[in-house]
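Here the structure is a predicted model, which means the values were calculated and not measured.
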Amino acid sequence: MKTFLTSWQVWALGSAVFAALTAIFAKIGISDVNSDFATLVRTVVILLAIAFILTLAGNWQAPGTVPAKSWIFLILSGLATGASWLCYFRALQIGKAAQVAPVDKLSVVLVAVFAVLFLGEQLSTTHWIAVAMIGGGALLLALPI
């Protein structure tokens, strides 16, 4: 039996809630700050918070125990995250949060497509319809208010 903390749905919902708060807090925070500098501040805060959590949980891992393939893809993931954040903060500084965030969430559509193409995952017709609806909704929200 799954417990509350081992349910991927609970963690995914938490991710969505915190991502929404990220957009709101960032939009307020970057009003008088360069978006690239704001991204640096956010990154340092995340680094410190994760180091604290790792320490509390005792989950530090010796770098030598990480396989080379994992290093490569974790580094690529970090670079993609950094690029995403730089783009996101710049978009938030220029646009409205209610429009920027949904366009950013087109990543949901792209993840589905990339997972099928590169990871061999399969989606049902119902799931493809849902992906199309997410994409359509994001595009509709991007229209001028």
Check each of Ile30, Val33, Asn34 against Gln93 using the side chain to side chain contact (heavy atoms under 4.5 Å, CB included) test, and report the only one that passes. Ile30

Any donor-acceptor pair under 3.5 Å linking the side chain of Lys27 with the backbone of Gly95? yes

Within a strict 4.5 Å, meaning less than it, do heavy atoms of the Arg90 and Asp36 side chains meet? yes

I want to check something: taking the side chain as every heavy atom from C-beta on, are Thr22 and Arg42 in contact at a cut-off of under 4.5 Å? yes

List the atom of Pro102, the atom of Ala97, and the distance in Å for their closest heavy-atom pair. CD-O, 4.0 Å

Is it the case that over 12 heavy atoms from other parts of the model lie below 6.0 angstrom from the CD atom of Gln122? no

Using the side-chain contact (heavy atoms from CB on, under 4.5 Å) criterion, which residues pair with Leu76? Sequence neighbours excluded. Ile72, Phe73

Measuring from atom CD1 of Ile129 to atom CG of Leu123, what distance do you get when rounded to the nearest 0.5 angstrom? 11.5 Å

Name the residue from Leu47, Val41, Leu48 that meets the side chain to side chain contact (heavy atoms under 4.5 Å, CB included) definition with Val44. Leu48

So, do Thr55 and Trp60 sit near enough that their side-chain heavy atoms are less than 4.5 Å apart? yes

Over all heavy atoms of both residues, which pair between Gln99 and Leu141 is shortest? Give the atoms and the distance, please. CG-O, 3.3 Å

Spatial distance of atom CD1 (Ile53) from atom CG (Asn59) [nearest 0.5 Å]: 10.5 Å

The reported gap from CZ in Phe18 to CZ in Phe25 (rounded to nearest 0.5 angstrom) is 9.5 Å

Shared hydrophobic cluster, Val113 / Val111 (ILVMFWY, side-chain heavy atoms < 4.5 Å): no

Cluster check Leu140, Leu106: I/L/V/M/F/W/Y, side chain < 4.5 angstrom: no

Return yes when atom CH2 of Trp128 has more than 12 non-hydrogen atoms of other residues, nucleotides or ligands closer than 6.0 Å, and no otherwise. yes

In terms of hydrophobic clusters joined by side-chain contacts under 4.5 Å, are Val131 and Val103 together? yes

Residue pairs fulfilling side chain to side chain donor-acceptor pair (under 3.5 Å) with at least one residue in residues 68-87, sequence neighbours excluded: none

Name all residues meeting the side-chain contact (heavy atoms from CB on, under 4.5 Å) criterion together with Ile134; count only those two or more places apart in sequence or in a different chain, and write none if there are none. Val108, Val109

Side-chain heavy atoms of Ile94 within contact of Val100, under 4.5 Å: no

